[in-house]
Amino acid sequence: MGFSQESGRMRGSASYICPVLSAKCWRLGMAALAWMALCLAAACAVDRSNFKTCEQSSFCKRQRSVKPGSSPYRALLESLQFSQDSMKLQLVNEVNKVPLLLELYGLQGNMTRIKINELSPLRPRYEVPDVLVRDPPTTWLAVTGRDENSVELSLGDSGHKLILTGKPFRMDLLQGRELVLSVNPRGLLHFEHLRHRKDSFSDKVSSSVGSLWDKIKSLFYREESKESAPEGGAAEEETKPALPGDQESSEKSTKSEEVSDGPDRADEELGSWEETFKTHTDSKPNGPTSVGLDFSLPGFEHVYGIPEHADNLRLRTTEGGDPYRLYNLDVFQYELYNPMALYGSVPLLLAHNTQRTLGIFWLNAAETWVDISSNTAGKTLFGKMLDYMQGGGETPQTDVRWMSESGIIDVFLLLGPAPTDVFRQYTALTGTQALPPLFAMAYHQSRWNYNDEEDVAAVDDGFDTHDIPCDVIWLDIEHTDGKRYFTWDPNKFSQPRNMLGRLAAKRRKMVSIVDPHIKVDSGYRVHNEIRSRGFYVKTKDGSDYEGWCWPGSSGYPDFTNPEMRAWWASMFSYDQYEASMENLYIWNDMNEPSVFNGPEVTMYKDALHEGSWEHRDLHNLYGFYVQMATAQGLEQRSGGLERPFVLSRAFFAGSQRYGAVWTGDNAAEWDHLKISIPMCLSLALAGISFCGADVGGFFKSPDVELLVRWYQVGAYQPFYRAHAHLDTVRREPWLFGEENKALIRAAVRQRYALLPYWYTTFYHSYRSGQPVMRPLWVEYPDDVTTFSIDDQFLIGNALLVHPVTEQGARGVQVYLPGKGEVWYDVHSHQKHHAPQTLYVPVIMSSIPAYQRGGSIVPRKERVRRSSDCMYRDPYTLYVALSPQGTAEGDLFIDDGHTYNFESKAQYLYRHFSFASNTLTARSADSKGVFESPAWIERVVILGAGKPAAVFLRQPGMADTRLDFQHEPETSVLTLRKPGVNIGADWSISLR
């Protein structure tokens with residue numbers, strides 16, 4: 001987010017903050033904020049120097065310095081302990097002798113959990129709470145083989161076996177004779193144990209004496225070598241005398257150099273106990289605590305996930321560059337196609353080939369780096385033996401290495417084997433996408449900032465005047481009283497309840513921003529309550545942590561504290577949030593957290609949270625907890641009846657349970673439009689389906705071609721919001737001429753017509769964890785052509801979209817997958833046989849989209865001013881016939897906004913099928929009961945011949961003849977006004 005010369009203010013990402021911010025500037029109040037903005041006015045993109053590389057991150061550098069080779073870790077097989085569902089044994093680093101505890105659990109649903117912690121740590125190490133929806137149910141384990149250096153385990157009923165090798169420690173997971181995955185195959189397990197610092201007073205004395213003695217010895221050796229060395233110069237080691245303890249010391253030194261994980265190597269390296277980046281110093285009172293582990297995936301070339309990065313869908317190898325970084329940061333005008341960290345982190349990686357799909361879920365909330373390498377020649381001996389045993393030549397292999405700054409190793413292996421299985425497994429752990437209220441899937445209009453209540457009213461009226469549907473108008477930070485959240489500007493927004501009431505009368509909603517930085521102001525009730533209750537994050541010295549953000553000096557509530565979250569949730573009650581109403585929903589921005597004058601524009605890692613945990617341990621959880629508490633507040637204000645809508649910029653694994661996310665502060669550039677597709681696809685693969693990008697780009701002003709194309713792309717992405725920076729020209733859809741207004745209107749109307757399909761697809765995601773927006777390979781897992789495609793995608797399993805994302809494009813290449821399948825152009829209804837790559841000419845109105853043969857898609861084609869206004873309107877069913885003349889689909893209906901579908905089974909779930917020239921409607925779930933006024937207005941059958949007659953049959957009634965129209969050029973049969981209620985059972989026969 002950007003800087004306004006007009007207002008002298010900054011907005012959103014502050015990663016462009018000048019490198020040095022003096023203590024004096026810190027205390028200058030709001031004038032200092034304006035001064036900083038002025039000094040940054042020339043900045044136009046991310047300043048990469050404000051963010052660490054792996055080389056500048058001491059723990060990443062230490063972890064990466066551990067090279068592949070023989071691991072110093074040995075599994076003590078004699079310590080093995082078994083229960084019905086778990087195995088425990090000790091690992092020992094044979095160099096420093098520190099014992100670790102390995103725990104292995106077989107989990108129901110074809111998953112395995114591996115935990116590694118210190119056996120007896122000096123203090124507890126952080127284990128991530130609240131992300132898993134429950135303790136994962138376990139399944140049985142059994143020892144099926146054993147020798148002096150290995151144990152073979154059977155993992156439940158899945159048919160998987162695990163071979164645990166003692167020395168060097170490694171684990172290999174097999175299905176039959178096929179090696180599926182290896183743990184620590186390259187010996188990169190590196191676990192920095194908690195320790196006492198060696199620079200205590202006694203250690204310093206000892207160290208000083210030792211250093212003096214070393215100098216004396218060194219001088220003595222040099223003198224000896226000068227006297228005794230031959231002219232050619234012999235090695236010192238051959239001539240120096242043996243002093244007491246020297247031989248042992250020399251051996252230890254040599255061993256620590258040869259072995260990658262020396263006894264206390266981390267103690268000796270810069271950055272282990274204190275680290276400085278630019279002007280910021282991290283005190284690191286607990287010393288080096290990082291953990292790392294590697295995995296090999298034989299047979300896999302394509303890996304995905306670990307969002308958020310502005311990169312292609314398929315992850316690249318990181319050899320010769322930085323690893324992918326997972327560390328939630330406020331990044332100004334982020335660069336594309338690199339592994340830099342962005343606003344959110346989901347430590348889930350997926351691997352896919354034609355045989356299976358796997359997932360690795362690394363449950364750690366500290367700063368994390370992920371190295372990816374493609375490896376065939378570098379395979380271990382075990383892998384090469386497996387190739388030989390399986391009778392083939394060398395197969396491709398991907399190696400993945402995870403490195404986190406603190407915590408423990410807690411990793412879940414999701415063994416698929418199908419993509420749908422991996423989604424089910426991951427969401428069984430972290431939860432499925434929350435079912436949003438229907439309005440949240442419609443169109444949202446936002447800007448930093450709508451000026452006042454009159455401006456809001458004018459924008460609201462503009463949508464009606466220009467006949468463009470809109471459900472939500474948004475207010476950014478300027479609507480508050482001096483950046484005090486939960487308040488309204490007394491001059492510009494003096495009658496907020498009246499404003500909300502006017503929107504409600506048109507059945508529209510509003511979203512206001514509530515950020516998690518709180519203005520330090522003794523006259524501000526919210527600040528006073530948080531301070532008096534002790535709910536702020538603390539500094540390492542125990543005082544309230546303060547940083548710089550929009551209000552100036554700001555405190556940061558400790559959302560890791562359940563009591564703080566409960567208090568925050570209570571603030572959204574109607575009697576606490578001034579003038580709030582039922583149609584007001586919330587946007588959490590800046591919740592990485594963003595701290596303008598902090599290291600890397602975020603909080604100091606040695607800040608302290610509830611339980612004395614350091615911020616470094618849980619940084620990536622902060623935004624997750626902010627969104628959690630806000631969503632709970634919106635639920636509680638309605639007594640648990642209404643479903644919340646909360647948009648969050650920061651996120652972690654499990655954030656899908658609480659609302660939507662977006663891709664942050666993008667720019668009005670074609671490449672940013674294009675990257676929005678793989679960014680949202682990556683999030684969808686990692687469980688977060690409710691994703692979108694700022695339509696038009698947040699920074700800069702788009703030309704009309706880019707703006708129109710962005711509206712077209714956004715119409716087919718899950719979250720559909722236009723948003724813009726304060727300094728951009730106003731860009732409401734009607735401001736760019738009649739022709740462009742018509743193009744934008746058409747795109748938005750396509751979105752509204754498909755809302756029944758979007759809602760049903762979100763319902764599937766809520767129930768089963770399947771992504772709403774998905775890559776083609778998810779539905780076509782054995783089609784290698786789909787594995788790297790990220791400029792087109794599927795919505796559910798029935799719609800394929802290839803939006804236009806190139807400037808001046810005259811055509812696009814669309815790949816239609818599926819051997820023996822057909823696809824229908826949703827606009828022209830032309831049928832295309834698959835698989836094929838189709839060149840599609842495009843004009844400015846074109847949004848290439850296709851319905852899959854064999855599917856039935858429900859629509860509402862009477863588009864009105866808002867989704868709620870369409871509630872009673874009739875449905876049209878689009879039946880796209882397969883080559884076999886069949887099709888099926890479904891439709892989920894409830895009230896669109898409450899939890900009654902769960903708590904009272906108030907819903908309809910309908911199933912439609914077409915076979916033998918008969919279309920049938922029946923209940924897909926008899927538990928649901930709901931009365932809907934909507935009815936079937938039309939049935940459009942694609943790929944149909946012309947019947948002699950069409951009859952409607954309903955239980956207990958005589959058959960009714962229906963009017964129809966057939967278009968022979970496109971083989972489209974339209975059945976008019978069946979007139980049956982959407983909840984009724986019926987059939988239509990073509991005779």
Among [options], ring-ring contact (aromatic ring centres under 6.0 Å, His included) partner for [X]:
X: Y658; options: F624, F652, F690; value: F624
X: Y720; options: W758, Y443, Y752; value: Y443
X: Y766; options: Y899, F901, Y759; value: F901

Does the gap between the ring centers of [X] and [Y] come in under 6.0 Å?
X: H352; Y: W777; value: yes
X: Y763; Y: Y909; value: yes
X: Y585; Y: H444; value: no
X: F412; Y: F361; value: yes
X: Y343; Y: F651; value: no

Run the salt-bridge test on [X] and [Y] with the 4.0 Å N-O cut-off and return the result as yes or no.
X: K115; Y: E127; result: yes
X: R721; Y: D694; result: yes
X: E563; Y: R533; result: no
X: R862; Y: E937; result: yes
X: D471; Y: K509; result: no
X: R767; Y: E902; result: yes

Quick one, [X] and [Y] - any side-chain contact, counting heavy atoms below 4.5 Å?
X: R852; Y: L799; result: no
X: M581; Y: R497; result: yes
X: L414; Y: L350; result: no
X: E582; Y: Y574; result: yes
X: R910; Y: S923; result: yes
X: W986; Y: L952; result: yes
X: D873; Y: R864; result: yes
X: M441; Y: F762; result: yes

Check: ring-ring contact (aromatic ring centres under 6.0 Å, His included) between F719 and W662: does it pass, once the steps are laid out?
Finding: CA-CA 8 Å; F719 177 56; W662 89 108; 7.8 Å; no

Next item on the list: Mind checking ring-ring contact (aromatic ring centres under 6.0 Å, His included) for Y126 and listing every partner two or more places apart, or none if nothing turns up?
Entry: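 For Y126 the ring-ring contact (aromatic ring centres under 6.0 Å, His included) partners, ignoring immediate neighbours, are W613.
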
Margin query: Other residues, nucleotides and ligands only: do more than 12 of their heavy atoms fall within 6.0 Å of CG on D135?
Written below: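 Not more than 12 within 6.0 Å, no.
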
Notebook entry, point to check: Would you say R502 has more than 12 foreign heavy atoms packed within less than 6.0 Å of its CZ?
Noted result: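 More than 12 within 6.0 Å, yes.
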
Item checked: Donor-acceptor under 3.5 Å (Q656 side chain, S689 main chain) ->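 Pair absent, no side-chain N/O of Q656 close to backbone of S689.
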
